[in-house]
Amino acid sequence: MHINYWNELTRNNFGKLGLAMLCFVLFIALFAPFLARYDPGEPSHAIFMQPSFEHWLGTNDIGQDIWSRLICGAKNTLLVALGVGVFTTLLSTVIGASAALVGGLCDRILMRLIDALIVIPAFIVIILVAAYVLPNVWTLIFLISILTWQGGARLVRAQTLSLKERMSVYAARTFGANKLYIIVRHIIPNLSPILFAVFIHSATRGVFMEAGLAFLGIADISTVSWGLMMHHALRFYYLDVWKWWLIPTGLALSVTIMALVFIGHAFETAMDPRLRVVEQEDWQ
Amino acid sequence: MKIPEIGTYAISFLIILALIFLLPRLMPGDPLTAICGEEVLVVMTPELKAELMHRFALDAPLWKQFFVYLTAMMHGDFGYSYYYNAPVLEVIFEALPWTLLLVGSSLVLSTVLSIIIGIESGWRRGKITDKFLLTTTMILNGFPNFFIGIILLLLFAVYLGCLPLQGAKTPYSGLSGINSMLDIAQHLVLPLIALTLAQIPGSYLLMRNTMITTLKEPFVRTAKAKGLSEVAVRYKHAGRNAMLPIVTTTGVRVGTVVTGALFIEIIFSYPGVGLLSYNALLMRDYPILQGVFFIVAVFVILANFVVDLLYTKIDPRIGVNNAEYAH
Amino acid sequence: MIELRELEVRYGKRRVLHGINLTLKRGESLSIVGESGGGKTTLGLSIIGLVEGTVRGEILFDGKNLVALAEKELKEIRWNRIAMVFQNVENALNPLYTVLDQVSEPIVAHKLGDRNEAKRRAGELLSMVNLPEGRFYAYPHQLSGGEKQRVLIAMALANDPDLIILDEPTTALDALTKVEIINLILTVCKERELTILLLTHDFYAASTLSDRMAVLYAGRIVEFGPTPALLSNPRHPYTRGLLRCYPSMTTTKDLQGIKGRMEFFDDGCPFHPRCTQSIEKCREGAPRLEEYDGRLIACHRGGIIPLLELRDLSKSFDSLKAVDSIDMTLYEGETLALVGESGSGKTTTAKLIMGIFEATEGRIYLERKQILGRDKSFYQRVQMIFQNPMEALCHLFSVREAVREPLDIQKQGNREQRESKVQHILEEVELPSSETFMNKYPHQLSQGEAQRVSIARALVLNPKLLIADEPTSALDASTQAKVVKLLLNLQEKRGIGMFFITHNLALARKISDRLAVMLRGTIVEEGPSSEIISNPLHPYTKDLLKAAPTLNSNVPIVPKTTSKKNEGLGCPYANRCDKAIEVCFNEKPQLRIFDSHRVACMNL
């Protein structure tokens with residue numbers, strides 16, 4: 001079926017909501033310098049201030065303005081989402097597609113590797129590695145990507161294999177098409193929905209993992225990260241500060257993940273025609 | 001689908017072994033602290049240093065070090081925690097039962113709940129119940145597990161104060177028998193709910209999707225036509241078929257539950273391996289970290305293997321015996 | 001008895017007959033067949049010296065050259081030695097005289113008897129041709145067509161000739177009368193040991209009345225040989241075309257015409273504008289009648305060329321022999337149907353030809369050249385239509401892009417040329433070529449439209465060979481009918497050789513010239529479709545025919561699969577065949593020739 005994915009995405013309520021939420025977070029990240037009232041790293045205020053007109057969400061244990069930190073954290077989260085999304089998708093595509101296209105021994109080896117990697121809990125590995133490496137944002141993006149590409153690669157490989165066997169590809173071959181033409185005109189365009197799904201999925205996982213690692217304290221302390229903010233805030237749960245420190249930060253993180261999850265769900269529903277019809281019934 | 005291959009799991013196991021071996025040794029800086037943890041510096045003497053160097057064969061080539069490392073592993077020697085002043089395995093085994101309790105109960109609970117609400121939701125697709133369940137779980141899906149834990153902690157333990165705040169049992173309470181069990185259960189409630197809630201969305205969505213597609217299979221219509229009760233159609237025919245993907249992904253879910261437990265234990269100070277590794281992380285107690293990592297990874301790999309084995313028994317279409325009917 | 005040497009007849013500048021060479025011995029019968037206007041009547045008339053044009057060459061009758069003979073001598077031979085039964089058209093008989101008068105007339109004219117004697121003999125002749133006594137004194141307009149034909153025959157026999165030229169003796173007669181006339185001619189000729197020269201376009205008459213047959217096209221003989229062989233296995237494209245137009249009870253394929261119309265050419269093969277396999281050479285010089293495998297053919301390409309030849313072709317997947325050394329030939333412009341159940345290896349064969357699979361063993365020849373590698377030019381000549389059009393069209397391509405794709409891949413022409421080709425081909429497959437339609441995507445098309453788009457993109461490269469793999473099995477009945485008609489029309493127009501793969505025997509018989517039945521990777525029977533349908537020899541073909549759909553309520557009985565396991569060593573049908581004997585399980589039967597079939601069965 002020829003599907004206009006953008007239309008399908010915006011017709012689905014989850015899709016619409018997800019896009020709106022993502023735009024909202026994106027807006028905040030882009031206009032952070034105008035929205036933040038103070039330098040997020042500047043510990044120049046009184047500590048544990050209650051929310052007030054000067055400090056909308058009060059201040060933290062070392063006197064930084066929480067609102068400003070919250071606003072600036074969006075950039076970090078989106079950067080990780082984009083970075084992990086792009087990098088993981090790239091790895092999955094290159095490895096998955098080349099396994100399927102080259103075939104033979106190469107495919108068998110890569111497939112065995114993918115199978116072996118899939119059963120290893122990636123997050124645990126990342127924690128261990130991160131404990132040694134103490135990553136900054138970029139090394140973290142790199143780390144998450146090279147440890148989580150396998151699921152996407154399996155999907156891309158399966159899809160490429162089925163594309164290779166499609167009648168329309170055979171038809172192109174019977175017109176005298178060479179391998180390059182088939183890859184460029186048939187495989188890649190047909191792969192793009194899957195790649196987008198892998199991208200959204202990886203981005204979601206990236207955000208979650210970055211936040212999780214920061215929450216465990218594995219992060220560069222100079223970055224303004226929501227996970228790291230929660231890590232610090234949790235230490236003071238017995239004070240009332242959690243109401244304007246811990247909860248808003250957690251909600252900001254949740255809204256971002258939710259946006260990605262909604263988009264991913266709407267998109268996957270659009271991709272599976274059996275579900276598509278149902279969802280249209282459901283949500284219109 | 002394929003028959004489980006031991007080879008694949010062996011490779012996974014080797015990757016784990018290699019990772020634990022290589023990470024501390026390839027890091028810049030002193031490999032000794034990277035292997036033994038920073039706490040070793042407190043008790044470090046030239047004699048100890050010499051002994052440790054010898055023990056890990058750190059002056060020998062890498063392959064020889066690997067051999068020494070493997071031999072130690074095979075003798076159950078996972079190193080020594082200078083922070084706890086005890087062998088790693090001993091420390092881990094003390095924490096492991098709590099984690100197993102939490103992970104096991106959450107796995108069972110989340111699976112059963114997801115299957116039931118997935119079946120019901122899929123059966124009623126488009127109806128108000130389904131819309132409600134779908135929306136709720138989708139929103140829940142946006143919350144990271146540690147945030148769910150934090151909200152529960154703040155709401156029930158801090159704000160309402162109706163459930164215990166931390167730990168797995170009341171310390172020094174001297175409770176025994178049934179009271180002790182109740183105490184443990186009471187402490188388990190919040191971490192269990194948090195972990196289960198974080199686990200449900202993924203399984204539920206999978207269950208609902210497969211239920212919807214299964215309901216379109218002709219055999220469902222056959223079942224209805226035979227005059228079976230609605231419950232029988234829903235569970236015995238559609239439900240059981242729709243359950244297959246949930247079962248196959250159990251192995252992967254064990255991985256995510258274990259990872260989730262790590263966070264939940266930290267939040268509720270639940271004395272499992274998660275909390276243990278968190279403390280090890282803070283203290284740079286690398287032997288513990290490596291040990292926990294090894295045990296958890298091997299556990300997850302084994303779980304995957306077992307699921308793979310069981311799956312051939314659950315789905316009669318898969319298995320060695322069927323091969324000759326293929327043609 | 002009579003020999004034509006380089007006979008040429010001109011009407012003014014127009015050459016109606018060209019280099020005709022024919023020999024006819026006493027007692028033999030020869031038919032000249034061809035469309036009207038081809039010069040048949042001129043040939044007949046030139047022999048009895050009545051042709052109005054200029055005659056060159058020699059007509060040797062018992063050694064005498066009739067062309068050079070004076071009118072007086074010619075008159076002696078005319079009707080006494082050579083008589084002609086004229087075509088039974090309006091006023092072939094004089095409307096003003098009774099038939100008895102007209103039959104007796106040549107006797108009187110040649111002074112073989114007086115008026116009474118002549119009338120008596122004429123009466124005898126008319127009785128012999130079964131004209132009722134009461135009709136002797138009738139005028140031609142009072143007679144039926146059959147009766148007039150009898151009179152014409154009686155008249156030709158009046159002077160007891162040796163050679164009789166029959167010009168369309170059976171045309172315009174109803175079926176039963178036709179048979180009577182043919183029987184009459186047969187008896188009379190046998191009694192009188194007549195030599196027959198039959199000029200006709202009616203293959204039925206030709207097949208019953210002649211031993212040998214010459215096909216005349218635009219004044220030239222294009223094919224010459226024994227009648228049965230020529231009919232069952234025409235080798236010249238024109239002969240095949242004529243046979244395809246001729247409805248007979250054993251024809252199974254739908255009637256097809258020959259494109260274009262007859263024109264006379266001085267140079268070049270006269271048939272080349274209508275021929276689907278013509279090459280440059282055909283335009284330059286007229287081909288001589290030459291012998292190829294016991295048949296005289298006037299064709300630069302040696303008759304219908306084998307387009308595709310499969311020789312000992314095999315394909316194994318691991319231990320499974322999907323295709324087991326099959327041997328087939330597909331001639332230019334014909335349809336070869338490959339019939340068999342699913343899993344018999346039909347599609348694998350198609351994919352082997354297309355190069356989607358590599359053959360394990362065997363050779364494939366295209367236009368007599370072995371295919372070693374497939375480059376772009378191969379795919380210009382060979383194209384394929386797939387079973388499910390929706391799958392064969394990439395859903396991301398619009399109709400325009402899908403049809404243009406082959407041209408893009410082959411890098412043919414510039415953008416505008418490709419666009420106009422796309423429009424043209426869409427019209428040819430009876431699809432709209434509007435912007436709206438060309439911008440549609442596959443899911444917006446109906447099944448039938450999608451299959452037409454598939455056909456269009458296969459034809460846009462102008463292939464000589466089209467492999468159609470169950471092209472209609474995904475379509476509903478009415479769409480199937482339309483698509484099949486379209487394919488046949490395209491074949492007539494472009495002369496495409498079609499390799500039609502189907503499991504439906506009833507469909508195959510309607511579209512194919514020849515039929516091959518495939519079972520478990522081997523060909524069990526192969527031959528002309530009409531023969532296979534009317535006279536199947538292999539038990540599997542027989543059972544397939546029994547099981548083919550009919551609209552009566554009788555359910556045929558087909559043999560049950562026996563429990564005896566077929567190891568694949570012997571006949572692939574052994575465990576289902578009710579005539580199977582021990583040897584069938586152990587030895588693989590080879591294809592052997594029976595009449596025009598090839599059959600692989602131990603019990604024949």
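Chain letters run A, B, ... following the sequence lines, proteins first, then strands; residues in each count from 1.
More than 12 heavy atoms of other residues, nucleotides or ligands lie within 6.0 Å of NZ in K376(C), so this atom counts as buried by the packing criterion. Enclosure of atom CZ in F24(A) is not indicated, since only 12 or fewer non-hydrogen atoms of other residues, nucleotides or ligands lie within 6.0 angstrom. By the 6.0 Å contact criterion, OH on Y365(C) is enclosed, its count of non-hydrogen atoms from other residues, nucleotides or ligands being greater than 12. Counting heavy atoms of neighbouring residues, nucleotides and ligands inside a 6.0 Å radius, atom NZ of K351(C) exceeds 12 of them.
For L393(C), the part sitting under 4.5 Å from any heavy atom of chain A is the backbone (N, CA, C, O) and nothing else. Proximity to chain A (any heavy atom under 4.5 Å) is restricted, for V382(C), to the backbone atoms N, CA, C and O. In this structure, the portions of R457(C) lying under 4.5 Å from any heavy atom of chain A include both its backbone and its side chain. For E391(C), the parts sitting under 4.5 Å from any heavy atom of chain A are the backbone and the side chain alike.
Contact count versus chain A (heavy atoms, under 4.5 Å) is highest, among Q444(C), Q383(C), M384(C), for Q383(C).
Taking non-hydrogen atoms and a 4.5 Å limit, the residue list of residues 164-187 of chain A in contact with chain C, ordered by number, reads R166(A), M167(A), S168(A), Y170(A), A171(A), A172(A), R173(A), T174(A), F175(A), G176(A), A177(A), Y181(A), R185(A), H186(A). Contacts with chain A (heavy atom to heavy atom, under 4.5 Å) involve no residue of residues 414-438 of chain C.
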